[in-house]
> 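There's a structure below that I have some questions on.
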Number of protein chains: 2
Amino acid sequence: MPKGRVTVIDIAKAAGVSKSTVSLVLQGSPLVNDGTRAKVNAVMRELGYVYNRGAANLRQSGSKSKIIGVVVNDLTNGFFAELAVGVDMVVQSAGFVQFLSNTSENLDRQREVIASMREHGISGLILSPARGTEAADLKPLVTAGIPVVLAVRNVPGAKASSVVSDNREGVFLGVQHLASLGHHRIAFLGGFRDTAVFGERVAGYRAAATTCGLDCDEDLIVDSQPSRAGGAEAIERALSIGDMPTAAVCFNDAVAFGVCDGLRARKLEPGRDFAVVGFDDVIEAKTAVPALTTISVDPQGIGRRAAQLLLKQISAGKAEAEAIVSSVRLVVRESCGAANGPLAGRKQA
Amino acid sequence: MPKGRVTVIDIAKAAGVSKSTVSLVLQGSPLVNDGTRAKVNAVMRELGYVYNRGAANLRQSGSKSKIIGVVVNDLTNGFFAELAVGVDMVVQSAGFVQFLSNTSENLDRQREVIASMREHGISGLILSPARGTEAADLKPLVTAGIPVVLAVRNVPGAKASSVVSDNREGVFLGVQHLASLGHHRIAFLGGFRDTAVFGERVAGYRAAATTCGLDCDEDLIVDSQPSRAGGAEAIERALSIGDMPTAAVCFNDAVAFGVCDGLRARKLEPGRDFAVVGFDDVIEAKTAVPALTTISVDPQGIGRRAAQLLLKQISAGKAEAEAIVSSVRLVVRESCGAANGPLAGRKQA
DNA sequence: TGACTTTATTGGAACGTTCCAATTATGAAT
DNA sequence: ATTCATAATTGGAACGTTCCAATAAAGTCA
């Protein structure tokens with residue numbers, strides 16, 4: 001069994017200085033002679049000293065750990081993996097470390113994870129909330145002065161900052177583009193109806209439909225799991241209604257990939273036989289075949305902004321709720337070149 | 001600015017008991033009268049008490065946090081997301097929380113992340129090592145008695161436990177299956193040559209080629225980034241050699257998806273025109289079109305086993321290196337029904 | 001009621017580190 | 001050599017919680 005931990009007392013003894021000097025070295029204080037500093041550092045290396053952050057936090061005034069908690073609702077969606085990568089880019093250079101936790105859309109798990117993060121004294125939290133999260137869930141954090149930034153999904157009533165994409169505008173652009181290609185029957189596929197994101201994206205869908213004088217058939221709005229599997233299911237349902245759609249804007253890129261899978265299962269070629277637009281522009285959107293037309297929200301960009309906002313609040317020592325709506329843009333690739341295909345052409349023939 | 005944190009002293013005063021009684025309640029000790037316990041719990045709820053894990057760890061003998069550190073080399077690969085979900089299933093019921101960190105194959109980042117985890121007193125570490133990780137990187141952890149379990153990639157010489165899939169056997173099965181379908185020119189696509197996983201999988205490839213009397217052309221082994229984009233690139237290179245392959249076993253499912261993308265970009269249909277076998281059996285393997293034939297290693301299963309192994313070591317208080325080779329199995333789906341297609345039939349004609 | 005046993009509660013010190021006022025050491029000027 | 005100023009180092013107490021021996025309270029029996 002290895003010996004217990006090496007402490008500043010051990011280092012002090014071995015270096016022939018006081019514990020206070022060791023502490024000064026640890027703090028990078030200019031009040032230490034360079035020779036003494038070098039000696040202490042050498043001893044720490046030699047004895048394998050590992051800082052005890054918990055002990056330090058006890059004494060340091062107003063101090064927290066160097067941890068940023070990041071809690072996401074579905075880690076198996078590549079979007080959130082990329083968001084985490086974006087967060088990492090920013091917090092890393094500020095000397096923080098991101099501890100990422102996944103809730104798999106489970107509210108109890110979310111509460112547990114956040115509670116544990118608080119016990120360990122996180123400096124701040126970036127949260128993509130699980131379905132059903134309420135402002136009351138965030139209140140204790142806000143009251144305790146822990147900076148919180150909501151990402152991707154907002155929580156109405158929560159006095160927390162947020163970084164969300166312009167959901168309404170994004171879907172508006174997607175539908176508008178499909179309409180400009182001549183599509184009249186455009187579906188909206190995927191997503192949970194009880195989330196704010198879904199509501200906003202459908203609002204953009206309806207607005208574009210009205211603006212472009214399109215059919216506004218409720219059957220064209222098909223909810224499903226916002227995953228690839230959910231997308232395959234949603235297109236199945238959309239193509240089994242009487243007056244089939246010829247194109248779709250999908251809740252996110254994962255759903256869009258699933259829609260392409262579902263089309264191929266019916267011997268239809270995405271892009272040629274049916275126009276598909278995604279939302280997110282994950283890395284794979286560019287390399288998929290056909291390359292996916294999508295609303296680019298840059299998940300890494302959202303992660304970076306959320307992290308910047310959080311770091312700003314941490315260093316300002318106050319939490320003033322700010323809302324950032326990340327702008328979106330339409331990236332046209334091959335998945336919606338279907339306007340002249342057999343399906344789309346039927347209305348005109 | 002909110003008031004400072006609520007401590008056991010505050011709770012003790014408000015409940016009219018001593019701090020020691022509050023501590024006993026926190027520990028769930030049977031030595032406290034039920035009425036007193038109820039009173040203390042009510043006060044804690046009322047005042048919003050948040051336990052200070054760092055302070056508690058200071059005093060508790062041999063104690064660590066309730067954190068399991070999980071460090072992965074590429075979070076954007078769905079395999080690792082699923083592995084993390086599997087870890088979560090196990091550590092959750094043991095009262096631990098998983099803090100997941102991503103290294104993006106960067107060794108310096110890995111060191112940084114592990115160091116930070118140690119400062120915060122993690123109870124144990126599950127590591128899928130970044131490329132280039134050496135036993136020396138793990139030595140300080142092992143010496144300090146911190147349980148470490150390596151997952152997916154082994155680190156030769158490290159006295160740590162590991163859970164890896166049977167790489168050699170898996171690729172052997174895949175190649176053998178393709179040979180049984182009549183393929184003679186079988187490629188191995190994707191992966192970094194300098195990793196042990198690559199070496200093992202190629203060893204299985206070679207063994208199967210020998211056993212099945214296949215061509216053993218070095219040009220049929222094409223390395224690339226083990227990602228979807230890497231897969232698209234690898235198939236491009238494989239189809240530009242003189243005597244083209246008619247089938248491939250891919251380093252992992254992400255590479256396989258990219259290979260399918262690349263085939264389609266050349267107007268070839270995966271499954272019909274070229275047989276594809278993946279490795280991992282991620283969730284999307286089943287729903288992709290064509291559904292992917294793959295070597296099932298069950299990433300969530302690996303995560304669960306790694307977590308079980310780690311928890312076992314944590315509660316035993318000793319770290320005895322154990323190696324678990326997770327068995328694999330071939331799951332036949334649609335992506336390799338190509339033996340009678342035009343490409344495969346050319347050799348016989 | 002007193003003695004004994006069991007239950008419940010408590011005060012003080014420990015844990016590793018930081019902070020700050022006090023002390024010591026060093027260097028420069030006279 | 002002495003004095004003063006500056007640089008460097010130090011000891012003690014604080015932080016929030018736990019542990020353990022000591023103390024107090026409650027219950028039982030003669």
Side-chain angles (χ1 to χ4, degrees), chain A residues 3-41 43-44 47-66 115-116 118-122 144, chain B residues 3-41 43-44 47-67 115-116 118-123 144:
Chain A
K3 70 177 193 82
R5 87 182 294 150
V6 177
T7 68
V8 287
I9 305 286
D10 301 320
I11 302 296
K13 273 187 192 139
V17 298
S18 83
K19 60 172 172 45
S20 298
T21 302
V22 176
S23 178
L24 290 172
V25 172
L26 284 171
Q27 298 305 311
S29 171
L31 303 180
V32 185
N33 172 287
D34 284 348
T36 306
R37 188 190 306 276
K39 187 165 183 185
V40 171
N41 279 325
V43 168
M44 284 199 280
L47 298 191
Y49 173 72
V50 173
Y51 196 61
N52 189 329
R53 180 64 66 176
N57 288 347
L58 220 41
R59 187 65 178 85
Q60 291 187 318
S61 63
S63 103
K64 291 281 163 81
S65 69
K66 285 293 191 182
S116 190
R118 288 193 67 190
E119 282 182 18
H120 291 94
I122 50 166
Chain B
K3 71 181 193 81
R5 86 181 297 150
V6 177
T7 68
V8 287
I9 306 288
D10 301 321
I11 302 296
K13 275 190 186 133
V17 297
S18 84
K19 60 173 170 50
S20 298
T21 301
V22 176
S23 177
L24 290 172
V25 172
L26 284 170
Q27 298 305 311
S29 171
L31 302 179
V32 186
N33 172 288
D34 285 348
T36 306
R37 188 189 307 275
K39 186 165 183 182
V40 171
N41 280 326
V43 169
M44 284 198 281
L47 298 191
Y49 173 72
V50 173
Y51 195 61
N52 188 328
R53 180 65 65 177
N57 288 348
L58 220 42
R59 185 67 178 84
Q60 290 187 319
S61 63
S63 107
K64 290 285 164 81
S65 69
K66 286 291 190 181
I67 307 177
S116 189
R118 288 192 69 189
E119 282 182 19
H120 289 94
I122 49 168
S123 293

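Here is how names work: the chains are called A, B, and so on, in the same order as the sequence lines, proteins then strands, and each is numbered from 1. For the numbers below, each heavy atom of this structure counts, side chains included, while hydrogens, waters and symmetry mates do not.
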> Give the nucleotide from the list D:dT10, D:dT17, C:dT17 with an atom nearest to the side chain of B:Val8.
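The answer is D:dT17.
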
> Find the distance A:Ile9:CD1 to D:dT10:P and express it as a whole number of Å.
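Between P of D:dT10 and CD1 of A:Ile9: 12 Å.
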
> List in chain and number order the residues that pass side-chain hydrogen bond (donor to acceptor under 3.5 Å, both in side chains) with B:Thr7, two or more places apart in sequence or in another chain; answer none if no residue qualifies.
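Partners of B:Thr7 by the side-chain hydrogen bond (donor to acceptor under 3.5 Å, both in side chains) criterion, ordered by chain and then number, come out as B:Asp10.
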
> Do the non-hydrogen side-chain atoms of B:Val43 and B:Tyr49 ever get within less than 4.5 Å of each other?
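B:Val43 does not reach B:Tyr49 side chain to side chain.
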
> Identify the heavy atoms of A:Ala144 and A:Arg118 that sit nearest to each other, and give their distance.
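Residues A:Ala144 and A:Arg118, closest heavy atoms: CB-NH2, 3.3 Å.
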
> Counting only non-hydrogen atoms, which of residues 27-35 of chain B are less than 4.0 Å from DNA chain D?
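Residues of residues 27-35 of chain B that come under 4.0 Å of DNA chain D are, in numerical order, B:Gln27.
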
> What is the separation between atom CD1 on A:Ile11 and atom P on C:dT17, rounded to the nearest whole Å?
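Between P of C:dT17 and CD1 of A:Ile11: 9 Å.
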
> Looking at CZ of A:Arg37 and CG of A:Leu26, how far apart are the two atoms once the value is rounded to the nearest 0.5 Å?
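Those atoms lie 10.5 Å apart.
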
> Pull out every residue in residues 12-23 of chain B that has a heavy atom closer than 4.0 Å to any atom of DNA chain C, ordered by number, or say none.
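Within this stretch, B:Val17, B:Ser18, B:Lys19, B:Ser20, B:Thr21 sit under 4.0 Å of the strand.
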
> What's the CG-P distance between A:Asn52 and C:dC15, to the nearest Å?
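My rounded result for the distance is 13 Å.
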
> Would the base of C:dT17 count as contacting A:Arg59 through its side chain, where contact means a donor and an acceptor less than 3.5 Å apart?
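In this structure, the two groups form no donor-acceptor pair.
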
> Which nucleotide, D:dT9, D:dG16, C:dT17, lies nearest any side-chain atom of A:Leu58?
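The answer is D:dG16, which lies nearest to the side chain.
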
> Please identify each residue that fulfils side-chain hydrogen bond (donor to acceptor under 3.5 Å, both in side chains) with B:Thr21, with sequence neighbours left out.
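side-chain hydrogen bond (donor to acceptor under 3.5 Å, both in side chains) check on B:Thr21 returns B:Ser18.
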
> When you look at B:Met44 and B:Val25, which way does the side chain to side chain contact (heavy atoms under 4.5 Å, CB included) test go after all the steps?
CA-CA 10 Å; B:Met44 284 198 281; B:Val25 172; 4.1 Å; yes

> Angle between the two end axes of the helix from C:dT1-D:dA30 to C:dT30-D:dA1, five base pairs per end, rounded to 10 degrees?
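Taking the rotation axis at each end, their angle is 50°.
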
> What closest approach, in Å, do A:Ala12 and A:Lys19 show between heavy atoms, and which atom pair accounts for it?
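Residues A:Ala12 and A:Lys19, closest heavy atoms: CB-N, 3.6 Å.
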
> I need the A:Asn41 CG to A:Asp34 CG distance, nearest 0.5 Å.
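So the gap between those two atoms works out to 10.5 Å.
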
> For B:Gln27 versus B:Tyr51, what's the shortest heavy-atom pair and its separation?
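Looking at all heavy atoms of both residues, the closest pair is NE2-OH, 3.6 Å.
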
> Could you check how far CE of A:Met44 sits from C1' of C:dG16, rounded to whole Å?
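Atom CE in A:Met44 sits about 14 Å away from atom C1' in C:dG16.
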
> Report the distance from atom CG of A:Asp10 to atom C1' of C:dG16, rounded to the nearest whole Å.
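The answer, rounded to whole Å, is 10 Å.
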
> Counting the atoms with a prime plus P, OP1 and OP2 as sugar-phosphate, which does B:Leu26 contact under 4.0 Å by heavy atoms, base, sugar-phosphate, or nothing?
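Here B:Leu26 touches the backbone only, sparing every base.
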
> Grab the CD-C1' distance between A:Gln60 and D:dC15 for me, whole Å please.
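Nearest whole value for this atom pair: 11 Å.
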
> Measure the distance from CG on A:Leu24 to P on C:dC19 and round it to the nearest whole Å.
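Computing the A:Leu24:CG to C:dC19:P distance gives 9 Å.
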
> Could you give the NE2-to-P distance, from A:His120 to D:dG16, as a whole number of Å?
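In whole Å, D:dG16 P and A:His120 NE2 are 17 Å from each other.
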
> Provide the closest heavy-atom pair for A:Lys66 versus B:His120 in the form atom of the first, atom of the second, distance.
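The pair with the smallest heavy-atom distance is N-NE2, 4.1 Å.
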
> Could you check whether any side-chain heavy atom of A:Leu24 comes within less than 4.5 Å of a side-chain heavy atom of A:Val40, counting everything from C-beta outward?
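No, side chains not in contact.
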
> Please tell me if the side chains of B:Asn52 and A:Asn57 come closer than 4.5 Å, counting only heavy atoms from C-beta onward.
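No. Closest side-chain heavy atoms not under 4.5 Å.
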
> What N/O pairs connect the protein and nucleotides 22-24 of chain C at under 3.5 Å? Give each pair on its own line.
none

